[in-house]
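Notes follow once the structure below has been shown.
Below, chain A is the first sequence line, B the second, and so on; all start at residue 1. Every heavy atom of this structure was used, including side-chain atoms; hydrogens, water molecules and symmetry mates were not.
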Protein chains: 4
Amino acid sequence: MAETRRRDKAATRAALLEAARRRFAEHGYDGTGVRDIAADAGVDATLIFRYFGSKRELFAEAVHIEIPQGLGRDPRRGLASLTDELLGRVVFTDHGGPESEHPLLVMLRSTGRPEVRSRLRDQLCADYLADFSERFGADDARLRSELVGALLVGIGLMRSVVGSPALSEASFDQTRGLVAAMVTALQDDAPGERGAPPGRADGGPAPG
Amino acid sequence: MAETRRRDKAATRAALLEAARRRFAEHGYDGTGVRDIAADAGVDATLIFRYFGSKRELFAEAVHIEIPQGLGRDPRRGLASLTDELLGRVVFTDHGGPESEHPLLVMLRSTGRPEVRSRLRDQLCADYLADFSERFGADDARLRSELVGALLVGIGLMRSVVGSPALSEASFDQTRGLVAAMVTALQDDAPGERGAPPGRADGGPAPG
Amino acid sequence: MAETRRRDKAATRAALLEAARRRFAEHGYDGTGVRDIAADAGVDATLIFRYFGSKRELFAEAVHIEIPQGLGRDPRRGLASLTDELLGRVVFTDHGGPESEHPLLVMLRSTGRPEVRSRLRDQLCADYLADFSERFGADDARLRSELVGALLVGIGLMRSVVGSPALSEASFDQTRGLVAAMVTALQDDAPGERGAPPGRADGGPAPG
Amino acid sequence: MAETRRRDKAATRAALLEAARRRFAEHGYDGTGVRDIAADAGVDATLIFRYFGSKRELFAEAVHIEIPQGLGRDPRRGLASLTDELLGRVVFTDHGGPESEHPLLVMLRSTGRPEVRSRLRDQLCADYLADFSERFGADDARLRSELVGALLVGIGLMRSVVGSPALSEASFDQTRGLVAAMVTALQDDAPGERGAPPGRADGGPAPG
DNA sequence: TATGAATGAGAGTTCATTCAT
DNA sequence: CATGAATGAACTCTCATTCAT
């Protein structure tokens with residue numbers, strides 16, 4: 001692989017980007033050195049600066065997301081359908097290569113960086129969850145949509161970062177139904193029930 | 001305060017631990033220097049090595065969790081009650097001081113480190129989720145319990161790392177009802193429904 | 001020497017400063033590496049940053065001049081006397097150590113840096129030549145004073161940078177009389193003679 | 001201009017040389033990159049190595065001086081005339097283009113390089129000052145000739161490197177008369193006066 | 001011939017950590 | 001026991017230079 005790519009600018013750039021995504025996903029921003037990435041790509045580390053300017057810009061490009069336009073534009077699509085698609089697209093899928101992970105999950109390993117956190121917030125809340133918010137009628141629609149986001153991000157985290165056994169092994173089809181049930185419950189739950197924690201209902205103690 | 005701590009080994013150790021927890025929680029492992037921690041604690045940086053051996057060991061001790069024994073030992077406590085308690089204890093509460101965050105959330109900002117990931121897995125799945133698993137009757141009990149874990153971890157992440165607006169502002173009482181609804185749905189959902197994604201039911205396309 | 005200086009902050013700082021002055025004087029700013037300086041001083045290169053912050057600041061401190069107050073304050077002192085003192089102080093002398101050169105001459109080796117050039121200009125023209133300017137009555141007093149400066153700087157350059165044989169070998173006493181003659185001529189020369197180049201007087205061709 | 005130079009090897013070489021002279025004069029050897037020079041010349045940086053072999057050799061060629069034969073060959077020309085010509089030729093004039101500076105002044109900004117210093121010494125003392133030396137009868141003729149050199153080099157330095165205000169603004173005609181007076185004084189000054197510093201004569205203290 | 005992708009050495013700087021005092 | 005001076009390894013990034021096309 002390293003042999004056939006010599007003197008091919010586009011291929012070298014792509015190889016660096018892919019190696020960066022893998023390294024950043026695995027070890028986070030600070031745990032990854034430019035020499036590691038270059039070695040993985042089979043080229044000299046200098047090319048990172050030639051092609052991307054700096055490690056920061058390489059990271060930014062590596063986790064750049066092309067937001068799929070019109071994800072939830074069709075108003076007839078329901079909440080569960082939307083969730084299902086997002087679950088498949090972000091958490092369970094291959095993106096830009098057979099082994100890459102979704103940029104959102106890559107960023108999750110580098111949340112020590114303030115810039116990464118703000119990008120995460122922007123892309124997650126503004127880009128992805130906006131469509132969900134519209135589908136909740138309650139006045140706490142944003143909160144409910146962010147709970148959906150929390151569930152999806154949590155699943156991704158459990159699978160890729162934490163490596164929890166069951167979720168990591170589970171297939172998409174095994175998971176989608178359960179997730180749909182949880183999200184649907186969020187839609188059906190009447191706002192009035194808020195403040196009446198069911199914890200008490202079955203005899204448990206209040207948290208403290 | 002700096003005066004009363006002088007020559008008090010235990011107090012210095014505690015101050016270092018608290019400072020470390022705060023710094024690690026805010027900036028992650030790599031974003032935190034031993035000199036920062038020592039400066040916050042008002043002592044010399046060398047004491048970190050004297051008391052803890054290394055930065056790594058300080059981190060390990062800082063995120064050490066004393067698992068509350070018998071959390072779910074009472075078999076009469078239901079799933080929702082258990083979730084409610086965990087949500088309050090881990091995500092919404094103060095631990096070990098007015099400003100500290102729960103060790104699990106601290107670790108979430110340093111997930112680039114392999115050792116952090118394995119500790120996260122162990123503590124989360126083995127210690128916290130075991131009790132949940134028992135309360136699901138289905139054969140995919142572990143998967144369901146990890147979905148609860150994913151939801152809780154996701155909420156914590158959205159609040160403290162991502163800083164999503166609604167969840168960050170929401171009070172415990174505003175959140176607990178919605179979370180309970182989601183978890184209860186997970187309990188009620190029949191296993192047979194798996195594999196029949198409701199995404200199709202409302203006209204949406206299949207993911208892919 | 002390197003053995004007896006261990007664990008002595010002030011001595012280490014001084015050794016670094018002296019080594020820096022020598023290296024900068026010999027090879028200029030860009031030709032000198034922090035590791036070279038540290039090796040000369042017999043300490044680790046990191047201490048440069050510990051004590052001076054950066055290579056730039058080390059350089060600045062290395063070429064810092066304590067302008068001797070009241071150099072030409074005594075109005076009875078004549079031009080030649082002033083020149084004589086400056087010649088002895090800047091060009092022919094040891095400053096801050098047996099082998100150091102005057103900061104002005106050190107800077108002359110690093111004139112590629114814009115900051116160095118402006119510092120040179122400020123210190124030379126404002127600090128050193130101001131007193132000379134007052135002693136010329138003509139309306140081109142500044143020009144004449146800068147010619148004195150040019151002569152002195154040129155001598156220093158010939159001796160330390162160019163290494164011209166005669167000037168480098170000459171003693172202070174051998175040089176001072178000749179310099180005095182040149183400066184005195186500058187004082188006696190009537191302004192009216194300007195524009196009448198003496199080159200023509202002895203039959204030489206006009207330049208061009 | 002960029003169009004007419006295409007495929008013209010000689011013109012490209014000349015353009016590189018001119019750009020190099022300007023860059024080296026302005027920023028010194030270390031402050032100038034081969035890419036800067038090539039960009040100024042409008043060609044690829046590789047051509048520098050093709051045409052000149054290395055950056056060092058390009059610099060050497062850029063500051064190469066074609067010594068005008070027989071500068072002082074006419075024994076009837078006096079000292080002042082010679083000085084006047086040199087002042088006009090080296091310091092006050094354009095050489096090899098409207099904006100270039102004399103190679104001697106270019107070198108003055110790169111005096112950190114050892115090769116530059118030896119070239120400066122050779123060209124200055126051997127080529128330029130030899131004729132001056134012959135015109136001083138005293139046994140310290142070389143010393144006196146080097147003082148002339150020091151004055152001229154100092155003037156060049158003050159104008160182009162230091163940027164001292166008066167000398168930089170002064171015209172050739174304003175300067176030549178004063179310089180002539182200084183040089184003539186050097187000729188008239190009897191050798192016996194050496195060692196009797198006039199500093200004492202007007203009441204100033206001896207240096208030390 | 002001329003282009004530009006690729007290279008390796010070295011720059012300044014920061015870091016956790018150790019060792020005298 | 002505690003302080004802080006000292007250390008060495010690693011980092012990102014720039015540079016002149018070479019090689020393939």
Query raised in the report: For the pair made of CG in Leu58(C) and C1' in dG12(E), what is the distance, rounded to whole Å?
Result: 12 Å
Query raised in the report: Between Ile37(B) (CD1) and dT17(E) (P), how many Å, whole number?
Result: 11 Å
Query raised in the report: Is the closest side-chain heavy-atom distance between Leu16(A) and Val43(A) below 4.5 Å?
Result: yes
Query - Below 4.0 Å: OP1/OP2 of dA6(F) and any side-chain N or O of Thr12(C) - result: yes
Report summary line: Rounded to whole Å, CD1 of Ile48(C) lies from P of dG8(F) at a distance of 15 Å
Report task. Starting at atom CZ of Arg56(C), determine the distance to atom P of dA11(E), rounded to an integer number of angstrom. Result -> 18 Å
Requested in this report: May I have the distance from Tyr29(C) (atom OH) to dG12(E) (atom P), rounded to whole angstrom?
Outcome: 7 Å
Query - Distance in Å, Leu157(B) CG paired with Leu104(B) CG, rounded so as to fall on 0.5 Å steps - result: 11.5 Å
Report task. With DNA chain E as reference, determine whether Lys55(B) or Asp44(A) sits nearer its 5' end, using the nearest nucleotide of each. Result -> Asp44(A)
Query raised in the report: How close or far is atom P of dT14(F) from atom CG of Asp30(D), stated in whole angstroms?
Result: 17 Å
Query - side-chain N/O Arg50(B) vs dC1(F) OP1/OP2, d < 4.0 Å - result: no
Report task. For Leu47(C) and dC19(E), give me the distance from atom CG to atom C1', rounded to whole Å. Result -> 14 Å
Query raised in the report: Distance-only, no hydrogens or angles: does the Thr32(B) side chain make a donor-acceptor pair with backbone N or O of Ile37(B) under 3.5 Å?
Result: no
Would you mind writing out the side-chain donor-acceptor pairs for residues 56-63 of chain C within the sub-3.5 Å range, not counting sequence neighbours?
| from | atom 1 | to | atom 2 | distance (Å) |
| --- | --- | --- | --- | --- |
| Arg56(C) | NE | Glu115(C) | OE1 | 3.4 |
| Glu57(C) | OE2 | Ser54(C) | OG | 3.3 |
| Glu61(C) | OE2 | Arg13(C) | NH2 | 2.1 |

**Report entry** Cationic N near anionic O, under 4.0 Å, Asp40(D) to Arg23(D)
**Finding:** yes
Query raised in the report: Rounded to the nearest 0.5 Å, how far apart are CZ of Arg109(C) and CG of Asp30(C)?
Result: 14.0 Å
Query raised in the report: Taking the side chain of Ser54(A) as heavy atoms from C-beta outward, which of dA16(F), dT7(F), dC13(F) is closest to it?
Result: dC13(F)
Report task. Quick one: stems involving DNA chain E, counted as three or more successive Watson-Crick or G-U pairs, both distances short of 3.5 Å. Result -> E:2-20 with F:3-21
Query raised in the report: dA10(F) C1' sits how many Å from Arg35(A) CZ, rounded?
Result: 8 Å
Requested in this report: Identify which nucleotide among dA9(E), dC19(F), dA5(F) has an atom closest to any side-chain atom of Thr46(A), counting heavy atoms from C-beta outward.
Outcome: dA9(E)
Query raised in the report: Between Lys55(D) and Tyr29(D), is NZ or CZ placed under 6.0 angstrom from the six-membered ring centre and within 45° of the ring axis?
Result: yes
Report summary line: Among dA16(F), dG12(E), dC15(F), the one nearest any side-chain atom of Phe49(C) is dG12(E)
Report summary line: Note: for Gly53(C) and Tyr51(D) on DNA chain E, the residue whose nearest nucleotide lies more 5' is Tyr51(D)
Report summary line: Per nearest nucleotide of DNA chain F, the residue lying toward the 5' end, Val34(A) or Ala45(D), is Val34(A)
